[in-house]
Amino acid sequence: MLEEPRKILVTSALPYASGSLHMGHLVEYLQTDIWVRFQKLRGHLCTYVCASDAHGTPIMLKALELGISPEELTSEISAEFVRDFAAFGVDFDNYHTTHSPENEALTVEIFEALRKRGDIYTRTIEQAFDEREGMFLPDRYVRGTCPYCKTEDQYGDACENCHKTYTPTDLIDPISVVSGTTPVKRKSEHYFFKLSEYGDRLRAWMQEATLDKNVVAKLEEWFEAGLQDWDISREAPYFGFRIPGTEDKYFYVWLDAPVGYPASFMHLCERRDDLDFDEYWRPGHDTEVYHFIGKDIMYFHTLFWPAVLAGSGFRTPTSVFAHGFLTVNGKKMSKSRGTFIKARTYLDNLNPSYLRYYYAAKLGPTIEDIDLNLDDFTARVNSDLVGKLVNIASRCAGFIGKRFDGKLAEALPEPALFAEIAEASETIAEHFERREYSKAMRIIMSLADTANRYIDDKKPWVMIKNEDQLDEVQAVCTQGLNMFRSLMIYLAPVIPAVAEDARAFLNEDSWSWPCAAIPLLGVTINKFTPLLTRVEAKQVENMIEQSKESLAEHETAPEDDYISIDDFAKVDLRVARIDKAEAVEGADKLLALTLNLGDSTRQVFAGIKGAYQSETLVGRHVIVVANLAPRKMRFGVSEGMVLAAGPGGKDIFLLAPDDGAEPGMRVK
RNA sequence: GGUGAUGUAGCUCAGAUGGUUAGAGCGGCGGACUCAUAACCCGCAGGUCGGUGGUUCAAUUCCACCCAUCACCA
């Protein structure tokens, strides 16, 4: 290799820790992993870090719903991610979380640096507010009727029917997705980052980062429209990092999420002597930093992120590589069609090497979507990987093993033919470097065809019957196995597990890229065992069936009119005595109740102020849901729910037990 | 709705800065072989290059509009 070893840091977008990985996620992680493995095989110091994106409203609400802390939720999901990534051979040097001390320290450092240079200011804005939950609502958490075309049940930011954009408060009959109540408008002070002043620096960065032309086109479009300042704060309750100097304001998840890249790297530096944080993240060093992302988050990675870095004393990324989306059988992934396939469901049915190869065979450097066509997948994998590539080894290995005690010939009979494969090395490497994986795969498979044609032409199975030609059989098979070996080295970044087995079969300790040009001669190799079996149509069918089933559990349950006795038993209803009832300052519907449950007391907020005077409630018995997950509200934590009937307002009627019931009694 | 991208054989994709018969792999059909995980090898068939119009001696390749799909709209 002529190149000097490079120092490269690579990231993939941080998966949001609120759901499972699916086939779409894997496009990115496999694309990145292939590139990283390629760089390592070429002898470069390439480091791959990632982390779980752990903050934000969706995670906070999901944790509430499950009755666990956001920390518990995200660490459970991260553990799943780690397991799935490992199974697919995605080999991170470090996998961390954004809910980490490193991330908080860096986020605060960045914020303070930006504030110091005057890039942060505050402004009061008006937002939808859910009074029952005591929280501001992100646009996606308000639904209602589109003010333009009157389509019902639309998100708070845009109409799916007429595609007009608006704010949640424009909606007709807006409803909070969280509580089902009508949100009100409320003002609060937010922190803004002056992105508008970074236009020139971003344009300059865009030039030097050698982005894909489609990415540049998109950026030009955004520059054209004008850069707007960016709201980087959110009000409590929020799961994230508190903004220094405030009581109830947090950094917006999208501020600290990309900081997860350097933070994860920093976490790795603690245990790696050969990596220095500043060398990769401060300006003026000869290192490279690349972010692999999906095209949907380009705005964050090509505008916000470089601007934030540039303004706070960090280096900007060398480049950002955006890829397209995944469709399955030509359409968006669909739960009802069974094409919303989770990583785990795939792993339960199919070998990860298949998918790694198939994606590689289709991936290029552009933001075009790629299609996972399952029939094509089966045909392609069977034909290319099993029928062509592995077949070369399979048809040569038998002769070498049985007739020559596993010993390869001392010389290649056709050095020129081998050279053809060796000479493709740099072209293939260039394709890998430029993320033109599909082109690399095309060349490799065409060379595999050449190898198969060679064996077919020499017909070792005919020569083997003639004692005089035994040496030639050994030579031909040695030639075939060497061609196989070189191609396998080229494919090692794509199908590392198969390459590993092939290397063991050839009885070698390690491979690097240049090994592909040096033939393996005169040595004894191991017994051949099938390196890869064919994809069975049945496996694919099962995977789809199982993807449908997981939907059924999920979506038919709420439509079912009946619950089982076990479901009912999950609700722990108790008799409670109201010890104290007082109005909540700032809330016109809520009363704060202190309830006595016999062996404990707890605080519950109830929306009954319109119907009851607090003093008439003290001493009354009510029914309370005792095992409801506590909810953090603006005014405090509510630890249960008091049962009442009626539409609301002044028509609210508390349920009460007959005389004799004691606090703490279970309702059955 | 605005903006950007994509639309080439049954399938997945190349390609042409406008110019003789538009390519590959897979699938299909026919043949050969039997070393190999029914793999491999040889051959054949298959496309008015999304639609309509325009520029040109000549367009699938340039332009306009339309249709379909995808994304973004901070």
Side-chain angles (χ1 to χ4, degrees), chain A residues 139 148-149 157-159 161-166 193 195-196 212-231 254 294-300 302-304 322-327 329-332 358 361-364 366-403 436 438-439 441-446 448-465 473 476-477 480 484 528-536:
Chain A
D139 294 355
Y148 299 98
C149 72
D157 50 357
C159 174
N161 182 46
C162 70
H163 300 102
K164 282 204 167 62
T165 56
Y166 41 74
F193 167 61
L195 181 70
S196 53
D212 179 69
K213 69 173 168 54
N214 287 318
V215 177
V216 171
K218 204 73 198 171
L219 273 165
E220 293 286 8
E221 192 189 316
W222 286 327
F223 285 132
E224 190 74 19
L227 301 179
Q228 302 293 304
D229 291 344
W230 181 33
D231 183 354
W254 263 113
K295 62 178 172 178
D296 54 329
I297 53 176
M298 273 163 45
Y299 205 92
F300 293 99
T302 58
L303 296 178
F304 292 143
H323 60 80
F325 274 50
L326 181 77
T327 55
N329 289 341
K331 295 189 175 125
K332 265 198 238 188
Y358 188 72
K362 306 198 80 164
L363 272 169
T366 69
I367 59 169
E368 274 177 56
D369 293 351
I370 68 166
D371 185 41
L372 168 58
N373 180 294
L374 292 166
D375 290 337
D376 184 54
F377 166 83
T378 307
R380 189 88 180 244
V381 167
N382 286 343
S383 168
D384 289 1
L385 246 28
V386 183
K388 287 181 184 178
L389 190 83
V390 172
N391 186 44
I392 303 168
S394 179
R395 64 198 305 203
C396 292
F399 293 116
I400 294 290
K402 285 178 206 147
R403 303 300 294 264
E436 296 269 18
S438 64
K439 288 187 175 161
M441 295 308 105
R442 204 175 287 272
I443 294 174
I444 291 168
M445 285 310 147
S446 147
D449 285 342
T450 305
N452 273 311
R453 223 174 285 129
Y454 165 77
I455 296 163
D456 211 72
D457 188 46
K458 294 297 173 188
K459 301 191 179 12
W461 57 92
V462 175
M463 292 193 285
I464 199 74
K465 292 171 185 160
V473 171
V476 166
C477 292
F484 164 77
F528 181 80
T529 49
L531 294 170
L532 206 57
T533 53
R534 302 170 61 77
V535 182
E536 301 293 336

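In what follows, chains are A, B, ... by sequence order, proteins preceding strands, each numbered from 1. Please read these numbers as outputs of a predicted model, since none were measured by experiment.
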State the pairing partner of [N]; accept Watson-Crick or G-U wobble contacts with both distances under 3.5 Å, and report none otherwise.
| N | result |
| --- | --- |
| B/G25 | B/C11 |
| B/C70 | B/G4 |
| B/C62 | B/G54 |
| B/A16 | none |
| B/G30 | B/C42 |
| B/A36 | none |

Nearest to the side chain of [X] - [options]?
| X | options | answer |
| --- | --- | --- |
| A/Ser394 | B/C33, B/G25, B/U37 | B/U37 |
| A/Asp384 | B/G25, B/U37, B/A71 | B/G25 |
| A/Phe399 | B/U12, B/C35, B/U37 | B/C35 |
| A/Arg534 | B/C11, B/U37, B/A74 | B/U37 |
| A/Arg442 | B/A14, B/C40, B/U37 | B/A14 |

Need one value for [X]: base, sugar-phosphate or nothing, where a base atom within 4.0 Å counts as base even if backbone is also close, heavy atoms only.
| X | value |
| --- | --- |
| A/Asn382 | nothing |
| A/Trp222 | sugar-phosphate |
| A/Pro460 | nothing |
| A/Phe304 | sugar-phosphate |
| A/Val462 | nothing |
| A/Gly387 | sugar-phosphate |
| A/Lys459 | nothing |
| A/Ile367 | nothing |
| A/Tyr299 | base |
| A/Gly364 | nothing |

Review point. Quantified in whole Å, what is the P atom distance between nucleotide B/U55 and nucleotide B/U21?
Key: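 Those two atoms are separated by 24 Å.
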
Practice item. For B/G47 versus B/A24, give the span between their P atoms, rounded off to a whole number of Å. Key: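 Comparing P positions in B/G47 and B/A24 gives a spacing of 15 Å.
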
**Study point:** From CA spacing to verdict: side-chain contact (heavy atoms from CB on, under 4.5 Å), A/Ile400, A/Phe528
**Key:** CA-CA 10 Å; A/Ile400 294 290; A/Phe528 181 80; over 6 Å; no

What protein N or O atoms touch nucleotides 41-47 of chain B N or O atoms at under 3.5 angstrom, if any, and at what distances?
| residue | atom | partner | partner atom | Å |
| --- | --- | --- | --- | --- |
| B/C41 | O4' | A/Asp456 | OD2 | 3.1 |
| B/C42 | OP1 | A/Arg453 | NE | 3.3 |

Review point. When rounded to the nearest 0.5 angstrom, what is the spacing between CD1 in A/Ile444 and NZ in A/Lys388?
Key: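 A/Ile444 atom CD1 to A/Lys388 atom NZ measures 12.0 Å (nearest 0.5 Å).
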
Practice item. Enter the distance from A/Ile455:CD1 to A/Phe399:CZ here, rounded to the nearest 0.5 Å. Key: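 Interatomic distance, A/Ile455 CD1 to A/Phe399 CZ, rounded to 0.5 Å: 9.5 Å.
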
If I take atom [atom1] in residue [X] and atom [atom2] in nucleotide [N], what distance separates them, rounded to the nearest angstrom?
| X | N | atom1 | atom2 | result |
| --- | --- | --- | --- | --- |
| A/Lys362 | B/A14 | NZ | P | 9 Å |
| A/Ile464 | B/A36 | CD1 | C1' | 14 Å |
| A/Met298 | B/C72 | CE | P | 10 Å |
| A/Asn373 | B/C26 | CG | P | 16 Å |
| A/Asn329 | B/U12 | CG | C1' | 12 Å |
| A/Lys439 | B/A24 | NZ | P | 18 Å |
| A/Glu368 | B/U12 | CD | P | 14 Å |
| A/Asp369 | B/U69 | CG | P | 14 Å |

Is there a side-chain contact between [X] and [Y] (heavy atoms, below 4.5 Å)?
| X | Y | result |
| --- | --- | --- |
| A/Leu303 | A/Leu219 | yes |
| A/Ile392 | A/Asn452 | yes |
| A/Asp369 | A/Lys295 | yes |

Check your understanding: Which one of A/Asp384, A/Leu374, A/Asn373 satisfies the side chain to side chain contact (heavy atoms under 4.5 Å, CB included) criterion with A/Tyr358?
Key ->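 Of all the options given, the one that passes is A/Asn373.
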
Exercise for review: Test A/Lys362 against every option in A/Leu372, A/Leu326, A/Asp376 by the side chain to side chain contact (heavy atoms under 4.5 Å, CB included) rule and name the one that passes.
Suggested key: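 The passing option is A/Asp376.
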
Check your understanding: Under the rule syn = chi within 90° of 0, otherwise anti, which is B/G54?
Key ->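 Anti.
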
Check your understanding: How about A/Tyr454 and A/Lys458: does a side-chain donor come under 3.5 Å of a side-chain acceptor?
Key ->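 No, because no side-chain N or O of A/Tyr454 sits under 3.5 Å from a partner of the opposite role on A/Lys458.
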
Review point. What's the shortest heavy-atom distance between A/Phe300 and A/Trp254, and which atoms?
Key: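 A/Phe300 and A/Trp254 have their closest heavy atoms at CE2-CG, 3.3 Å.
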
